[in-house]
Each structure stands twice: as C-alpha cells, then as structure tokens.
Colleague: 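Can you read through this structure? Questions will come right after.
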Amino acid sequence: MAKMKPDAHPSKDTETEGNTPQLSDLGEYKDPAGNPTYLIDSAGKVDWYTWRGYKKYMANCMQCHGPDGLGSSFAPNLTDQLTALSYYDFAGIVVSGQQNKWNPSGNSVMPAWGDDPNVMCSMDAIYTYLRARADGVVGRGEPKRIANNKEAQDAEYKCLGF
Ligand code: HEC
C-alpha cells in the first residue's frame, strides 16, 4: 500500500509511483496514495467525476474563485493553490472554511461548507476537477466526458436526499 508524506502533493506522488488510476466500485479513480484523481482519454475526454466537478464548481465556487478556478480580486486562484494542497488539506478547508490567509484585512473569508450537501456530496468531484486544472491537463470551459455514470449520479442524488 503506497503511503503519502503528510504534506506531499498527491499528483507528484502519482508521478513517482506510476500514474495508474484504480477504479472504485462507482467508477471513481484514485491514485496509489488513495487520493481522488482524474482519468483523461487520448481525445482529451474526462471521467464522469471530473466532468461533474466542473458543474459543481460552477454552481458553488465560481462566484468567488472565478471561472475555471482562475481566481478573482477577492478569492485565490485554485488552479495555483491545488499544487500545494493535499486532498486532506483541501477537504478540511472546504468543510471548515478559512479566514485571512490571503488578505489579513479581516474580510478574506472562505465560507464553511460542512453543512451544505450540494458541496459535501461532491467533494471528490470538485477536487478531481481542480486537480486536473492545476496539473494543466484540462483547459478552460466544460470538459467533455467519456461516458455518463448512472451509478455515481444516483449515489450523488441519494446523498442529496432525492
Ligand atoms: C463567498 C466567496 C467564496 C466562495 C463561494 C468559495 N470560496 Fe473558497 N475562498 C474564498 C476566499 C476569500 C478564500 C481565501 C480565504 C483566506 O484568505 O484565508 C478562499 C479560500 C479557499 C481555499 C484555500 C486556498 C488556500 O490555499 O489557502 C480553497 C481550497 C477554497 N477556497 C475552495 C473553495 C471551493 C472548493 C469552493 C466551492 C465549494 C469555494 N472555495 C467557494 C471565498 C470563497
């Protein structure tokens, strides 16, 4: 079982340990350290989670972090930041929020999403999309998906209580 250094960047670990994503029951790809990751085919199409992550990012994060994760005047560029954040760091910030790291004004507030199922039910998908953006393998705009994934979509809806 591959181990990850506490603050190692998951993508770098993926490179050193061989980029062989493993399929979970719901068609979610994981790197050898167990972090969610993307799959891209030779035509540039992405797995369902990465595509879904784009949609969920646009619905919940884009108004502050800008289209395609590129940042705004008041929230950081997440395609930069994901090169420095592990999945666990990322999830911790998204669940609990963060304040004033980027601007000590007292007004630099990342909301806590821990009580919002629209974000919590799609944490892996949002991370996977931003990771693909940070690694430079997915461009701007909506990526094309390789295929629909009914099981994963049903699991998301169930999590949301539909
Ligand atoms: C209301 C505006 C707003 C929304 C919506 C928002 N964020 Fe943030 N986010 C911020 C601000 C502002 C910061 C910088 C906080 C600070 O200075 O510590 C931030 C910081 C972050 C960070 C930490 C970056 C770092 O390296 O310190 C992550 C990760 C993040 N946001 C992810 C998300 C995700 C994912 C979503 C959607 C689910 C989201 N944010 C939605 C405003 C927002």
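Atoms within each ligand, like the ligands themselves, are counted from 1 in listed order.
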Colleague: Near V109, which atoms of ligand 1 are under 4.0 Å from a heavy atom of that residue?
Modeller: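 Answer for ligand 1: 10 (C), 11 (C), 12 (C), 42 (C).
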Colleague: Checking contacts here: is it the side chain or the backbone of M110 that comes within 4.0 Å of ligand 1, counting heavy atoms only? Could be both or neither.
Modeller: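 Both backbone and side chain.
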Colleague: Can you tell if the side chain of R133 reaches within under 4.5 Å of the side chain of L78, non-hydrogen atoms only?
Modeller: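 They are not in side-chain contact.
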Colleague: In terms of residue, atom name and distance, what is the protein heavy atom nearest to atom 28 (C) of ligand 1?
Modeller: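 Ranking protein heavy atoms by distance from atom 28 (C) of ligand 1, first comes L78 CD2, 3.6 Å.
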Colleague: With heavy atoms of F74 as the reference, note each atom of ligand 1 found under 4.0 Å away.
Modeller: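 Near F74, meaning under 4.0 Å from one of its heavy atoms, ligand 1 has 12 (C).
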Colleague: In the protein, what heavy atom is nearest to atom 34 (C) of ligand 1, and what distance, to one decimal place, separates them?
Modeller: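 Going by distance alone, atom 34 (C) of ligand 1 is nearest to C61 SG, 3.4 Å.
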Colleague: Quick check: does H65 have an N/O/S atom under 2.8 Å of atom 8 (Fe) of ligand 1?
Modeller: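 True for H65.
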Colleague: Is there a side chain to side chain donor-acceptor pair (under 3.5 Å) between Y127 and N35? Walk through the geometry before answering.
Modeller: CA-CA 10 Å; Y127 174 79; N35 298 294; 5.1 Å; no
Colleague: Starting from atom 25 (C) of ligand 1, which protein heavy atom do you reach first, and at what distance in Å?
Modeller: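 For this ligand atom, the closest protein heavy atom is W102 NE1, 3.4 Å.
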Colleague: Under 4.0 Å from a heavy atom of L85: give me the atoms of ligand 1 that qualify, with their elements.
Modeller: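 It comes down to these atoms of ligand 1: 26 (O), 29 (C).
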Colleague: Looking at ligand 1, does any of its N/O atoms fall within less than 3.5 Å of an N/O of N60?
Modeller: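 In fact, backbone or side chain, N60 has no N or O that close.
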Colleague: Please check if the side chain of T50 supplies one atom and the backbone of V46 the other of a donor-acceptor pair under 3.5 Å.
Modeller: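 Side chain of T50 to backbone of V46: no pair is present.
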Colleague: Can you list the ligand 1 atoms lying under 4.0 Å from a non-hydrogen atom of I93?
Modeller: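 Checking each atom against I93, I get 22 (C), 23 (C), 28 (C).
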Colleague: Could you see which bit of P111 sits under 4.0 Å from ligand 1, with heavy atoms only: side chain, backbone, both or neither?
Modeller: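 For P111, only side-chain atoms sit under 4.0 Å from ligand 1.
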Colleague: Hey, which atoms in ligand 1 end up nearer than 4.0 Å to a heavy atom of S108?
Modeller: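 Answer for ligand 1: 12 (C), 14 (C), 15 (C), 16 (C), 17 (O).
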Colleague: Answer yes or no for Q98: is there an N/O/S atom below the 2.8 Å cut-off from atom 8 (Fe) of ligand 1?
Modeller: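 Checking atom 8 (Fe) of ligand 1 against Q98, no N, O or S atom falls under 2.8 Å.
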Colleague: Of the backbone atoms (N, CA, C, O) and the side-chain heavy atoms from C-beta on, which set of N100 has a member under 4.0 Å from an atom of ligand 1: side chain, backbone, both, or neither?
Modeller: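 The answer is the backbone.
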Colleague: Is there side-chain contact between P36 and E28, with heavy atoms separated by less than 4.5 Å?
Modeller: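 Yes, close enough: below the 4.5 Å cut-off.
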Colleague: More than 12 foreign heavy atoms under 6.0 Å from CG of N148: is that the case here?
Modeller: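 Atom CG in N148 is crowded, with more than 12 foreign heavy atoms closer than 6.0 Å.
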Colleague: Measuring from atom OH of Y57 to atom OH of Y129, what distance do you get when rounded to the nearest 0.5 angstrom?
Modeller: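 OH of Y129 is found 7.0 Å from OH of Y57.
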Colleague: Which of the numbered atoms in ligand 1 are under 4.0 angstrom from any heavy atom belonging to V119?
Modeller: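 So the answer, numbered in order with elements, is 38 (C).
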Colleague: Is a side-chain donor or acceptor of S72 paired with a backbone partner of A75 at a separation under 3.5 angstrom?
Modeller: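 The answer is yes, because a donor-acceptor pair under 3.5 Å joins these two groups.
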Colleague: Which is it for Y57 and ligand 1 at heavy atoms under 4.0 Å: side chain, backbone, both or neither?
Modeller: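 Neither part.
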Colleague: Does a side-chain heavy-atom distance below 4.5 Å link H65 with P76?
Modeller: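 Answer yes - side chains close enough.
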Colleague: If you have a sec, work out which protein heavy atom is nearest atom 13 (C) of ligand 1 and how many Å separate them, to one decimal?
Modeller: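 So the nearest neighbour among protein heavy atoms is P76 CD, 3.5 Å.
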Colleague: What's the spacing between L130 CG and F90 CZ if we round to 0.5 Å?
Modeller: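 Answer rounded to 0.5 Å: 5.5 Å.
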Colleague: Which protein non-hydrogen atom lies closest to atom 4 (C) of ligand 1, naming both residue and atom, and how far is it?
Modeller: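 Looking only at protein heavy atoms, the one closest to atom 4 (C) of ligand 1 is C64 SG, 3.3 Å.
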Colleague: At a 4.0 Å threshold, what atoms of ligand 1 neighbour a non-hydrogen atom of Q99?
Modeller: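 Near Q99, the atoms of ligand 1 are 16 (C), 18 (O).
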Colleague: Begin with the C-alpha distance, continue with both residues' side-chain angles, and end with the deciding distance and a verdict on side-chain contact (heavy atoms from CB on, under 4.5 Å) for R145 and R52.
Modeller: CA-CA 9 Å; R145 63 189 151 163; R52 189 68 184 153; over 6 Å; no
Colleague: Between the side chains of D31 and R131, is the shortest nitrogen-to-carboxylate-oxygen separation below 4.0 Å, so that they form an ion pair?
Modeller: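 Yes, charged N to carboxylate O under 4.0 Å.
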Colleague: Please write down residue, atom name and distance for the protein heavy atom closest to atom 26 (O) of ligand 1.
Modeller: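 The closest one turns out to be Q81 NE2, 2.9 Å.
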Colleague: When you compare ligand 1 with W113, is there at least one nitrogen or oxygen pair between them that comes in under 3.5 angstrom?
Modeller: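 N/O-N/O distance under 3.5 Å: no.
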Colleague: Tell me, do W102 and Q81 make a side-chain contact under 4.5 Å, heavy atoms counted?
Modeller: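 They are in side-chain contact.
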Colleague: Inspect the contact between D154 and K158 and indicate whether a charged nitrogen and a carboxylate oxygen are less than 4.0 angstrom apart.
Modeller: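 Salt bridge between K158 and D154, a charged N being under 4.0 Å from a carboxylate O: no.
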Colleague: Mind checking whether F162 and Y157 have parallel, tilted or perpendicular rings, split at 30° and 60°?
Modeller: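 Answer is tilted, since the angle falls between 30° and 60°.
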Colleague: Where does L82 meet ligand 1, judged by heavy-atom distances below 4.0 Å: at the side chain, the backbone, both, or neither?
Modeller: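 No part of L82 is near ligand 1 at this cut-off.
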Colleague: Backbone, side chain, both or neither: what part of Q63 comes under 4.0 angstrom of ligand 1, heavy atoms only?
Modeller: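 The part of Q63 near ligand 1 is the side chain, not the backbone.
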